[in-house]
Amino acid sequence: GNLSARAAHDASKFWMSASGVDKSKLETIGRDILLVTGYEPETLTMRLSVPPAIEPRRVSVDAIEHFMIYREHPSVGAIVHIHAWWRDPIPSTQVNYPCGTYELASEVAELVRQAPDPSRAVIGLKNHGLTITGHSIREIFARIAGMIVPQVPMS
């Protein structure tokens with residue numbers, strides 16, 4: 001999965017774990033932890049700010065989803081995406097979209113919008129996993145303790 005947190009100094013930016021990095025070893029800013037500064041709709045790419053002399057890893061394909069959620073919900077301070085499921089019934093995407101697509105991001109953003117509290121939503125991604133919003137990564141981890149089911153239901 002991946003995780004992100006809104007940048008404290010600029011609410012329009014967020015920090016996100018890079019693709020393929022061990023989440024227990026987020027060590028180098030600009031390589032393991034990326035500052036996402038925007039989205040370029042013409043090229044369907046995320047914009048990053050990378051320190052000089054750092055070779056960045058690729059940003060997670062889910063960055064577009066995080067971008068949409070942060071842009072619309074100022075109360076969301078962090079997002080965690082995991083490849084597992086939730087113990088209780090939750091809203092879920094109806095289509096098994098490919099990861100990182102604008103279509104998946106749009107449907108997840110719509111489900112977050114419909115949540116009773118968008119800043120504390122748990123959204124299922126059909127045949128894939130969960131996107132969980134919260135006020136902080138620490139708060140999300142505390143909230144999901146004991147609620148995660150390792151097997152994603154396939155349909």
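Start at 1 with the first residue, then count along the sequence.
- Criterion: ILVMFWY side-chain heavy atoms under 4.5 Å apart, direct or through other members. Under it, L35 and F14 are not part of a common hydrophobic cluster.
- Contact detail for S49 and T37: the closest heavy-atom pair is CB-CG2, 3.7 Å.
- Shortest non-hydrogen contact noted between W85 and Q151 is CB-O, 3.7 Å.
- When atom types are taken as modelled, the side chain of K23 and the backbone of V21 share a donor-acceptor pair closer than 3.5 angstrom.
- A distance-only check finds no donor-acceptor pair linking the side chain of T131 to the backbone of I123 [under 3.5 Å].
- Across all non-hydrogen atoms, the minimal contact from L34 to R57 is CD1-O, 3.6 Å.
- Residues that satisfy the side-chain contact (heavy atoms from CB on, under 4.5 Å) test with R138, not counting sequence neighbours, are S136.
- Under the 4.5 Å side-chain heavy-atom criterion for ILVMFWY residues, a single connected hydrophobic cluster contains both V95 and I64.
- Proximity of C99 to H128: side-chain heavy atoms (C-beta onward) are separated by under 4.5 Å at one or more points.
- Y102 places a side-chain heavy atom less than 4.5 Å from the side chain of M68.
- Looking only at side-chain heavy atoms (C-beta outward), L125 and H81 come within less than 4.5 Å of each other.
- Interatomic distance, CG of D62 versus OG of S4, reported as 9.5 Å (0.5 Å rounding).
- Among all heavy-atom pairs drawn from K126 and T93, the shortest one is N-OG1, 2.8 Å.
- Using modelled atom types, one side-chain atom of Q94 and one backbone atom of S92 make a donor-acceptor pair closer than 3.5 Å.
- Rounded to the nearest 0.5 angstrom, I69 CD1 and E72 CD are separated by 9.0 Å.
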For this session: Could you give me the CA-CA distance, side-chain angles and deciding distance for L26 and L3, then say whether side-chain contact (heavy atoms from CB on, under 4.5 Å) is met?
Result: CA-CA 11 Å; L26 298 175; L3 47 98; 4.3 Å; yes

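- The two residues A5 and I137 have their closest heavy-atom pair at CB-CD1, 4.2 Å.
- Looking at L44 and Y39, their side chains come closer than 4.5 Å, going by heavy atoms from C-beta outward.
- Listed by chain and residue number, R120, R143 satisfy the side chain to side chain donor-acceptor pair (under 3.5 Å) test with E139 (two or more places apart in sequence, or in another chain).
- Using a 4.5 Å heavy-atom cutoff, the side chains of I148 and W86 are in contact.
- Counting heavy-atom neighbours within 6.0 Å of I144 CD1, excluding the residue itself, gives a total above 12.
- Taking NE2 of H135 as the reference point, atom CG of D117 lies at 5.5 Å (rounded to 0.5 Å).
- Hydrophobic clustering (side-chain heavy atoms under 4.5 Å, transitive across Ile, Leu, Val, Met, Phe, Trp, Tyr) keeps V122 apart from L111.
- Between the side chain of S17 and the backbone N or O of N2, no donor-acceptor pair lies under 3.5 Å.
- For the side chain to side chain donor-acceptor pair (under 3.5 Å) test, residues two or more places apart in sequence or in another chain that qualify with E40 are R47.
- Inspection of the H73 and S119 side chains reveals no N or O donor paired with an N or O acceptor under 3.5 Å.
- Note: the hydrophobic cluster containing V112 also contains V36 (ILVMFWY, side chain heavy atoms under 4.5 Å, direct or indirect links).
- Hydrophobic cluster membership differs between M16 and I140, with clusters built from Ile, Leu, Val, Met, Phe, Trp and Tyr side chains linked at under 4.5 angstrom.
- Taking both residues in full, the closest heavy atoms of P118 and A115 are given as CD-O, 3.6 Å, listed atom of the first, atom of the second, then distance.
- Rounding to the nearest 0.5 Å places NZ of K13 at 11.5 Å from CG of L48.
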For this session: Determine, step by step, whether D32 and K25 satisfy the side-chain contact (heavy atoms from CB on, under 4.5 Å) criterion, reporting the C-alpha distance in whole Å, the side-chain angles of both residues, the deciding distance to 0.1 Å, and the verdict.
Result: CA-CA 8 Å; D32 307 325; K25 295 180 180 169; over 6 Å; no

